[in-house]
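Reading through the structure tokens given below for one structure.
Because the structure is a prediction, the values reported are computed rather than measured.
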Amino acid sequence: MFLGVVKVICSKALSEDIFEVRVERPKELAHIQPGQFFMLTANAYLLKRPISVSDFTSTQIVFTIREVGEGTKSLIDLPEIQIMGPLGHGFEVTKAHNVLLIGGGIGVAPLLPIAKKCKENQSKIYSTLGFRGEPVMEEVFDSISDFLGIVSETSNKYENGYVTSLADLVLRLNEIEMIYACGPKKMMAEVAKLSEKYEVPAQLLLEEKMACGIGACLGCTCKTKEGAFGFKHSKVCKDGPMFWASEVIFDV
Amino acid sequence: MSNLKKTMEVDLNGLTLKNPIITASGTYGFGREYAELIDLNELGGIAVKGLTKEERKGNEGRRLVETPMGLINSVGLQNPGVKSFIENEIPFLRQFDLKIIANINGNTIEEYCEMARILDQEDVDSIELNISCPNVKNGGLAFGTDSEMVARVVTCVRAATGKHLIVKLSPNVTDIKPIALAAEKSGADCLSLVNTFSGMAIDIHNRKPFLKRGIGGVSGPAIKPMALKMTYDAVKSVNIPVIGMGGISTYEDAIEFILAGAHAVAIGTANFYNPEAPLTIKKGIESYMNQYNIQDINELIGNLDT
């Protein structure tokens with residue numbers, strides 16, 4: 001695992017509260033799996049911030065970050081940054097003919113690497129992305145998707161509504177074989193229902209508050225269907241962040 | 001003088017550590033996660049994740065709240081149970097040159113004793129009796145805040161095991177001295193303190209506490225001055241060694257605890273935001289010893305000019 005300081009190549013705003021940080025990829029860094037994340041050292045309070053990889057090449061890693069407080073805010077405009085990773089179990093790559101991406105808000109960012117991987121594998125990509133306001137990363141998803149649908153809760157430039165309604169429609173009309181999703185908890189619970197309804201496996205990239213990011217603090221657990229108690233608290237950082245929709249218990 | 005080999009070895013009344021750096025229970029799992037990042041052979045000891053007799057699923061809902069220079073947790077002793085620890089974790093940890101400290105928790109005095117009896121037969125170097133966890137309904141803190149209860153549980157566990165016995169104390173008391181004394185009189189070989197301070201944080205938009213149980217345990221640099229003072233108080237009231245902890249994140253913090261009288265220090269929350277903390281703290285202590293021409297760390301313990 002890599003733990004060290006890397007140079008920031010550029011840092012730019014994508015919207016009012018979402019920004020992109022592009023860093024140099026250290027040579028000794030292990031293979032990155034789509035859906036994996038890094039712990040980024042913030043210059044506020046104490047803890048590092050878990051941030052998914054939203055793109056990578058052999059020389060660069062991109063983090064797309066939503067500013068939610070002082071911690072994430074402190075990650076903007078740094079000349080260099082300490083990173084630790086790659087961490088967790090990411091998405092399982094499939095050779096499915098038709099894959100559906102469901103992204104909500106900042107959750108669209110970690111879907112890009114798996115979309116690229118699916119494209120390499122000749123899959124047809126249906127992307128459904130939902131935002132509260134104006135979208136981000138529209139162009140890049142447009143270029144990689146065979147179908148792109150964007151909804152917004154407030155913007156009058158886009159159809160208003162929830163992304164899961166759009167995803168429902170896509171699932172009804174197409175022979176989707178695999179779903180990849182990332183977004184707010186409520187959206188993820190809806191995706192799990194869609195996965196069950198259409199009998200299409202779904203890989204969910206979950207998010208939780210983390211202290212260590214490596215499985216030691218047990219702060220970031222989610223409920224999964226297994227173990228001695230009929231359910232288990234699995235570690236989002238280490239057992240996930242990818243979980244199959246069929247194994248997660250949602251308390252929403 | 002400088003040719004003489006410096007020693008960092010400390011004796012905790014029957015448990016010898018090659019250096020005074022321990023990783024605190026609940027912040028280091030069973031060492032596996034950190035073994036990918038640092039050389040565990042550098043540690044004096046590891047206090048493993050709090051164990052219970054049976055597997056424990058831990059608390060539901062949100063478990064962490066970050067506060068200025070601190071962290072509130074409500075994990076609730078999630079652990080695989082003592083049997084799994086014996087089968088899977090002891091062999092792993094034995095690959096390294098460090099002392100294994102098994103942290104044990106019970107709902108009842110009998111459960112504490114049963115765990116001590118089980119571990120007495122196993123390859124652990126010390127047992128740390130956790131009578132100070134604020135995040136469970138029964139046991140934990142309830143045993144650690146009353147001198148009579150402390151005496152009862154420690155006496156009972158002492159009878160159940162010949163292993164080196166550390167009693168981990170809670171800071172959630174008016175006066176640590178009678179508690180420390182009760183633990184010593186009842187057969188503790190060593191004390192460790194502090195566990196977390198009870199604390200809370202409220203989500204003002206939902207008008208609810210962030211943590212489902214309302215309260216959690218506060219750790220991190222925010223608690224260091226209070227932890228240091230309580231360590232100092234405990235050291236003055238007993239004749240057994242004390243392991244100091246609470247917000248230690250730099251070597252200067254560690255030296256403060258040692259000067260206050262701690263024989264060893266435990267690094268906790270700092271591991272989360274700086275996995276290299278135990279190593280940099282150890283190196284820092286070494287350079288401090290060089291700076292002041294100190295050959296043996298024992299010269300520093302309690303060497304406070306007051």
Side-chain angles (χ1 to χ4, degrees), chain A residues 1-5 30 38-50 68-72 74 82-88 185 207-239 249-252, chain B residues 23-38 46 48-50 54-81 84 135 210-212 216 219-222 247 249 268-277:
Chain A
M1 192 189 312
F2 177 83
L3 168 63
V5 174
F38 282 76
M39 293 299 279
L40 270 53
T41 302
N43 293 312
Y45 288 12
L46 282 179
L47 303 176
K48 297 170 189 286
R49 295 294 185 266
V68 287
E70 291 302 316
T72 40
S74 77
Q82 192 195 44
I83 65 170
M84 180 171 82
L87 299 167
K185 230 175 239 173
E207 181 186 46
E208 207 37 83
K209 302 258 178 217
M210 293 178 188
C212 69
I214 56 174
C217 74
L218 303 178
C220 67
T221 54
C222 70
K223 271 188 181 177
T224 53
K225 298 170 191 166
E226 55 191 309
F229 308 96
F231 74 90
K232 186 182 158 187
H233 283 125
S234 293
K235 294 174 253 189
V236 171
C237 68
K238 186 107 183 176
D239 302 321
I249 302 169
F250 288 97
D251 288 329
V252 288
Chain B
T23 52
S25 178
T27 66
Y28 225 68
F30 301 100
R32 284 179 191 276
E33 293 79 13
Y34 287 96
E36 288 181 48
L37 288 160
I38 70 165
I46 171 175
V48 303
K49 174 68 196 168
E54 309 295 340
E55 178 185 352
R56 206 171 163 126
K57 61 184 187 291
N59 292 338
E60 295 193 22
R62 182 169 166 179
R63 291 178 169 187
L64 299 172
V65 184
E66 193 178 15
T67 62
M69 294 309 278
L71 174 65
I72 315 179
N73 87 80
S74 176
V75 171
L77 292 174
Q78 178 171 343
N79 79 95
S84 166
N135 289 333
F210 279 114
L211 304 170
K212 207 167 183 176
S219 62
S249 52
T269 301
N271 293 309
F272 297 153
Y273 57 90
N274 178 14
E276 289 168 327

When every non-hydrogen atom of B:Gly70 is compared with those of A:Leu46, the smallest separation belongs to N-CD1, 3.5 Å

Heavy-atom pair with the smallest gap, counting every atom of B:Leu64 and A:Ala211: CD1-N, 3.4 Å

Are the charged groups of A:Lys223 and B:Glu60 less than 4.0 angstrom apart, N to O? yes

Check whether B:Ser249 gets within reach of chain A through its side chain, its backbone, both or neither, counting any heavy atom under 4.5 Å. neither

A:Thr221 OG1 to B:Lys57 NZ distance, which is reported to the nearest 0.5 Å: 12.0 Å

Hits for side chain to side chain contact (heavy atoms under 4.5 Å, CB included) against B:Glu276, two or more places apart or cross-chain, chain-then-number order -> A:Leu3, B:Ile38, B:Asn274

Can you tell me how far the CD atom of B:Gln78 sits from the NZ atom of A:Lys232, to the nearest 0.5 Å? 8.5 Å

Of the listed residues (A:Gly215, A:Cys220, A:Cys222, A:Ala42), which shares the most heavy-atom pairs with chain B below a 4.5 Å separation? A:Gly215

Leading residue by heavy atom contact count with chain B [cutoff under 4.5 Å; candidates A:Gly219, A:Gly213, A:Gly71]: A:Gly219

With side chain to side chain contact (heavy atoms under 4.5 Å, CB included) as the test, would you mind laying out the steps for A:Met84 and B:Leu37 before giving the verdict? CA-CA 10 Å; A:Met84 180 171 82; B:Leu37 288 160; 3.9 Å; yes

Who wins among B:Pro68, B:Gly61, B:Gly29, B:Pro221 for the most heavy-atom pairs under 4.5 Å with chain A? B:Pro68

Please determine whether the number of non-hydrogen atoms from other residues, nucleotides or ligands lying under 6.0 Å from atom CD of B:Glu33 exceeds 12. yes

Smallest separation among heavy atoms of B:Arg62 and A:Lys209, with atom names: NH2-CE, 3.4 Å

Is the shortest side-chain N to carboxylate O distance from B:Glu66 to A:Arg49 below 4.0 Å? yes

Answer whether the closest heavy-atom distance between the side chains of A:Lys238 and B:Arg32 falls below 4.5 Å. no

Minimal non-hydrogen separation, A:Leu47 against B:Phe272, with atom names: CD2-CB, 4.3 Å

From the options A:Lys48, A:Met1, A:Met39, select the one residue that forms a side chain to side chain contact (heavy atoms under 4.5 Å, CB included) with B:Pro275. A:Lys48

May I ask you to decide if A:Leu218's main-chain N or O and B:Arg63's side chain share a donor-acceptor pair within less than 3.5 Å? yes

